[in-house]
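The figures here come from the full heavy-atom set of this structure, side chains too, leaving out hydrogens, waters and symmetry mates. Quick note on labels: first sequence line is chain A, next is B, and so on, each numbered from 1.
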Amino acid sequence: MKGVKIDGTPSAEELHASPGFPQESIRKGPLAFIECVEEIPCNPCATACPRGAITLEGGLTALPRLDAELCTGCGLCISVCPGLAIYVKAREHEPGFSSILFPYEYYPLPQKGDPVECVNRFGKSICSGTVLSVRTAEKLDRTALIKVSFPQAYFDEVISIKRLPNQ
Amino acid sequence: MRRIEHHPILGDLAETSEERIPITVDGKTLYARKGEMIAAALMANGISVFRKTEKKKSPRGIFCGIGRCTDCVMIVNGIPNVRTCVTPVEENMIIRTQEGSGEWGDTGGKT
Amino acid sequence: MEKREVIIVGAGPAGLSAAVEAATAGCGVLLIDENSKPGGQLFKQIHKFFGSQEHKAGIRGIDIGKRLLEEAENLHIEVWLDSEVCGIFDANKVWVVRNKKETVLLQGDRIIIATGASENAVHFPGWHLPGVMGAGAAQTMINIHRVLPGEKVLMVGSGNVGVIVSYQLLQAGAEVVGVIEAAPRLGGYGVHTAKVRRAGVPFFVSHVVAAAEGKDRVEKVRIVQVDPRWNPVPGTEKTLKADTICLATGLTPLTELAFLAGCESTYSPVLGGHVPWHNSAMRTSVRHIFIAGDISGVEEASTAMEEGRMAGLQAAASLGHVDEADAMIRGKAIQARLDALRSGLFGEKRKNAKESIFSAMGNSNNGAR
Ligand SMILES: Cc1cc2nc3c(=O)[nH]c(=O)nc-3n(C[C@H](O)[C@H](O)[C@H](O)COP(=O)(O)OP(=O)(O)OC[C@H]3O[C@@H](n4cnc5c(N)ncnc54)[C@H](O)[C@@H]3O)c2cc1C
Ligand code: SF4
Ligand code: SF4
Ligand code: FES
């Protein structure tokens with residue numbers, strides 16, 4: 001665990017030190033997680049949120065801050081993020097299972113009901129999951145939103161799914 | 001090296017595909033997409049050696065892909081040193097692997 | 001000799017934006033590009049852009065390009081494609097080889113050079129093997145020609161170009177066996193590296209290519225760790241199976257035309273090396289000549305577009321098409337957008353580098369300010 005500038009993905013410390021990553025959420029329902037830990041000139045996430053839950057204090061390069069109280073987990077901020085850095089997780093989607101709604105830009109797309117391998121931030125398969133939904137509306141502009149359920153024990157780790165073989 | 005048939009952002013090739021046209025590469029008939037660059041057609045057909053150097057005969061392929069480095073030159077319709085990454089294919093074009101600085105008129109016996 | 005009010009060399013994001021701005025102001029514009037299609041690097045960029053709403057953030061580069069082209073078409077801007085500019089001399093004469101054959105000499109009241117940048121190569125044993133190519137070449141192959149240049153790719157260089165092209169290779173269906181970086185830290189935006197990492201691609205910092213091996217093309221690559229003085233560390237060699245090596249080791253501004261035209265040069269390592277001196281209006285030391293985009297310092301497509309707008313606006317203003325007060329207000333708005341893009345962790349260095357160029361010849365240059 002050496003952090004984003006060595007491993008390519010932020011460490012737990014970097015995430016917890018950033019204002020977009022909710023601290024120890026006890027909420028069962030859906031909540032946005034923003035893994036954007038460097039000051040880059042970017043703010044579509046804040047512009048997209050209908051609830052004003054994401055703010056950039058001090059200009060375009062400030063880190064996005066999430067107000068967990070205001071976030072409803074609607075997911076509107078996910079597909080506008082050019083960094084694909086936002087996902088929505090629900091700790092208890094159903095008893096024993098969490099869910100994640102995340103952006104996906106690979107071919108082919110999984111189908112609803114498919115079993116999938118869930119991966120951690122390093123792309124390592126850590127548990128299996130089930131696809132709950134696949135959204136591809138025009139306004140998502142070719143960033144599909146995929147919702148997967150997976151065992152609650154992996155709540156902190158799961159971030160995406162393993163790419164399906166092309167062809 | 002292959003054609004990218006499906007793409008999450010650019011869509012399926014079938015939808016955007018243009019006509020298939022024949023070209024002759026070192027005597028073999030291959031198919032290219034109309035309007036594409038020679039280099040793209042060759043790579044889609046699994047060819048990565050475009051020329052061989054004069055002395056050591058070491059193979060070369062594309063390097064810059066935008067017409068700057070001349071690594072990708074071949075003999076096209078008898079004309080050597082054609083930059084294949086910025087020259088579009090034409091129907092029945094005769095393309096040959098170039099050795100060294102190439103020879104004019106080398107179409108491998110075909111006209 | 002044919003004359004035009006504003007001649008723009010290069011129809012990338014910078015040149016296109018300059019053309020739109022100058023034509024909107026009422027200038028007669030001619031846009032010239034050696035490619036058969038306009039857009040420069042922009043149509044390879046299939047990802048959503050950063051920035052804010054006014055920078056068209058969240059929109060894919062290809063779609064920003066389409067909008068720019070539509071704007072140019074609606075303004076009936078004259079465009080010469082397949083036409084290479086081979087020289088600029090006597091301050092305002094432009095020598096063009098039109099349609100790859102016909103030589104034309106043009107005179108421009110103002111000339112905007114927006115030729116972009118070229119990719120740097122690195123040399124290692126085996127670098128000439130087929131399969132070793134610029135990251136830009138791979139990006140052109142997959143996103144423009146729709147051909148996968150290889151199945152297993154090693155990316156050399158972890159700047160934004162390296163990580164973005166890695167992601168796009170994954171999207172095209174390739175496997176990326178690793179991204180190596182000679183420096184001890186990764187260069188690109190963390191959000192870009194993170195999406196490549198979560199696809200299972202390993203990053204190797206402080207690593208360089210020791211050699212590429214193969215008969216008729218790359219078959220494997222040996223990489224090795226380097227110490228802080230860039231010397232290989234014995235015993236750290238690893239062999240990776242790869243059929244393609246992409247080089248994303250930096251860009252160098254394409255400045256020949258500007259220097260041929262007599263523009264004074266200034267040196268900025270942060271911006272890619274020697275660039276023509278220019279002020280904040282994008283005007284060079286040669287009064288008639290403006291520059292925009294990567295030629296003035298390698299940055300990004302979004303900054304290239306704003307610089308293009310600035311050059312187009314200021315060229316038009318200097319010809320009297322925009323009144324001074326108006327030019328001032330609009331120039332300030334563009335500058336504010338540029339400053340926003342050049343802020344924060346990554347942008348600050350470029351902002352400082354730009355500002356030191358702006359002030360370098362502040363008083364002594366021949367009236368460009
Ligand atoms: C391979 C590569 C990948 C990149 N990827 C990204 C990315 O993903 N995101 C990002 O933000 N930035 C990226 N960049 C940075 C990129 O440089 C800018 O995004 C942007 O394209 C620069 O715009 P420009 O108009 O200055 O130059 P360009 O887009 O390079 O356009 C220059 C144009 O000038 C033309 N030209 C050059 N010389 C002549 C001549 N003598 N006569 C006639 N025409 C000429 C060229 O044909 C070209 O069309 C990339 C750059 C490269 C090289
Ligand atoms: S999930 Fe919805 S409410 Fe929460 S931050 Fe994103 S857009 Fe706002
Ligand atoms: S849109 Fe994404 S990359 Fe941009 S600031 Fe928000 S979280 Fe970061
Ligand atoms: S690959 Fe460089 S000129 Fe064709």
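Of all heavy-atom pairs between B:S48 and C:P130, the closest is O-CB, 3.3 Å. Taking every heavy atom of both residues into account, B:A40 and C:H145 meet most closely at CB-CB, 3.6 Å.
For the set C:E34, C:E151, C:H47, the entry with the most heavy-atom pairs within less than 4.5 Å of chain B is C:E151. Taking chain B as the reference chain and counting heavy-atom pairs below 4.5 Å, the highest number among C:A135, C:G131, C:A137 is found for C:A137. Contact tally against chain B (heavy-atom pairs below 4.5 Å) for C:E119, C:Q139, C:R60: the top residue is C:R60. Heavy-atom pairs under 4.5 Å with chain B were tallied for C:T140, C:L129, C:I46; the largest tally goes to C:I46.
Neither the backbone nor the side chain of C:K152 comes within contact range of chain B; no heavy atoms are under 4.5 Å apart. Contact annotation for C:I142: both backbone and side-chain heavy atoms come within less than 4.5 Å of a heavy atom of chain B. Neither the backbone nor the side chain of C:T244 comes within contact range of chain B; no heavy atoms are under 4.5 Å apart. The part of C:K100 that comes within reach of chain B is its side chain, from C-beta onward, which places non-hydrogen atoms under 4.5 angstrom from that chain. Using a 4.5 Å cut-off between heavy atoms, C:N143 contacts chain B through both its backbone and its side chain. Heavy atoms closer than 4.5 Å to chain C are found in the side chain of B:I9, but not in its backbone. In this structure, no portion of C:I245 lies under 4.5 Å from any heavy atom of chain B.
Within the 4.5 Å cutoff, the side chain of B:I62 has heavy atoms near those of the C:M141 side chain. Side-chain contact between B:P59 and C:R217: absent, with no pair of heavy atoms (C-beta onward) separated by less than 4.5 Å.
Among residue pairs with one or both ends in residues 27-69 of chain B, none qualify as ring pair (Phe, Tyr, Trp, His ring centres under 6.0 Å); sequence neighbours excluded.
Taking non-hydrogen atoms and a 4.5 Å limit, the residue list of residues 67-77 of chain B in contact with chain C, ordered by number, reads B:R68.
For B:K57, the NZ atom is densely surrounded, since the number of other residues' heavy atoms within 6.0 Å is greater than 12. Within 6.0 Å of CD on C:E213 lie more than 12 heavy atoms contributed by other residues, nucleotides or ligands.
If you check the side chains of C:H128 and B:R60, you find a donor sitting under 3.5 Å from an acceptor.
Of the inter-residue distances, the one linking B:C64 atom SG with C:M133 atom CE reads 11.0 Å to the nearest 0.5 angstrom.
Using a distance-only test at 3.5 Å, with no hydrogens or angles considered, a donor-acceptor pair links the side chain of C:R146 to the main chain of B:I4.
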